[in-house]
Amino acid sequence: MKFRMIHENFNVSDLDVSLAFYEKALGLTEIRRKTAEDGSFIIVYVGNKETDFELELTWLAEHPQKYDLGEEEFHPAFRTDDFD
C-alpha cells in the first residue's frame with residue numbers, strides 16, 4: 001500500500017502561545033483554521049513552504065488545563081488511495 005503522511009496532531013491548552021512558539025522556533029505559520037460553530041474547539045494547521053506536511057494544533061474549550069503526555073491526545077495522519 002502506498003501512503004503519505006499528511007499531518008501530526010497535538011492538542012494544546014493555549015493556542016496563541018503554541019502558535020507563537022512554532023513560528024518563532026521553527027518558522028511554521030498558519031495555513032488554515034477550523035473553528036466549531038459552538039466554540040468547543042479550534043483546529044489550526046501550520047506549516048512551511050519546504051514541505052506539504054502540516055502540524056495540526058487542536059484547542060478544546062473543555063480542556064483548559066495543560067496536557068499530560070499520558071493522555072495520548074495526539075495522532076499521526078496518513079492518506080492513501082487504496083485503503084484495502
Side-chain angles (χ1 to χ4, degrees):
M1 166 179 24
K2 286 185 170 182
F3 66 89
R4 68 183 181 106
M5 195 165 182
I6 58 172
H7 75 256
E8 173 77 24
N9 164 263
F10 293 110
N11 284 24
V12 299
S13 58
D14 190 320
L15 187 56
D16 291 332
V17 168
S18 296
L19 287 169
F21 168 79
Y22 285 107
E23 183 168 6
K24 184 176 181 180
L26 300 172
L28 302 178
T29 57
E30 185 171 329
I31 296 170
R32 67 184 177 285
R33 175 183 293 241
K34 180 177 181 179
T35 303
E37 289 185 21
D38 65 0
S40 61
F41 69 85
I42 300 171
I43 298 173
V44 178
Y45 293 89
V46 297
N48 63 28
K49 294 179 182 177
E50 303 301 319
T51 177
D52 58 357
F53 183 83
E54 299 172 341
L55 178 61
E56 173 190 331
L57 303 176
T58 301
W59 173 85
L60 301 172
E62 293 183 5
H63 199 295
Q65 69 275 24
K66 292 188 178 193
Y67 282 87
D68 179 330
L69 289 178
E71 291 181 75
E72 299 179 19
E73 288 288 340
F74 56 89
H75 70 265
F78 298 87
R79 178 172 291 141
T80 182
D81 292 331
D82 183 13
F83 183 72
D84 292 328

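The shown structure was predicted, so the numbers you read here are calculated from the model rather than taken from an experiment.
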Which atoms form the tightest heavy-atom contact between [X] and [Y], and what is the distance?
X: G47; Y: I31; answer: N-CD1, 3.4 Å
X: G39; Y: A61; answer: O-CB, 3.6 Å
X: F10; Y: L55; answer: CD1-CD1, 3.2 Å
X: E56; Y: Y45; answer: OE1-OH, 3.5 Å
X: N9; Y: N11; answer: OD1-OD1, 3.2 Å

Between [atom1] on residue [X] and [atom2] on residue [Y], distance to nearest 0.5 Å:
X: E30; Y: L15; atom1: CD; atom2: CG; answer: 8.0 Å
X: L57; Y: E8; atom1: CG; atom2: CD; answer: 10.5 Å
X: I43; Y: T58; atom1: CD1; atom2: OG1; answer: 4.5 Å

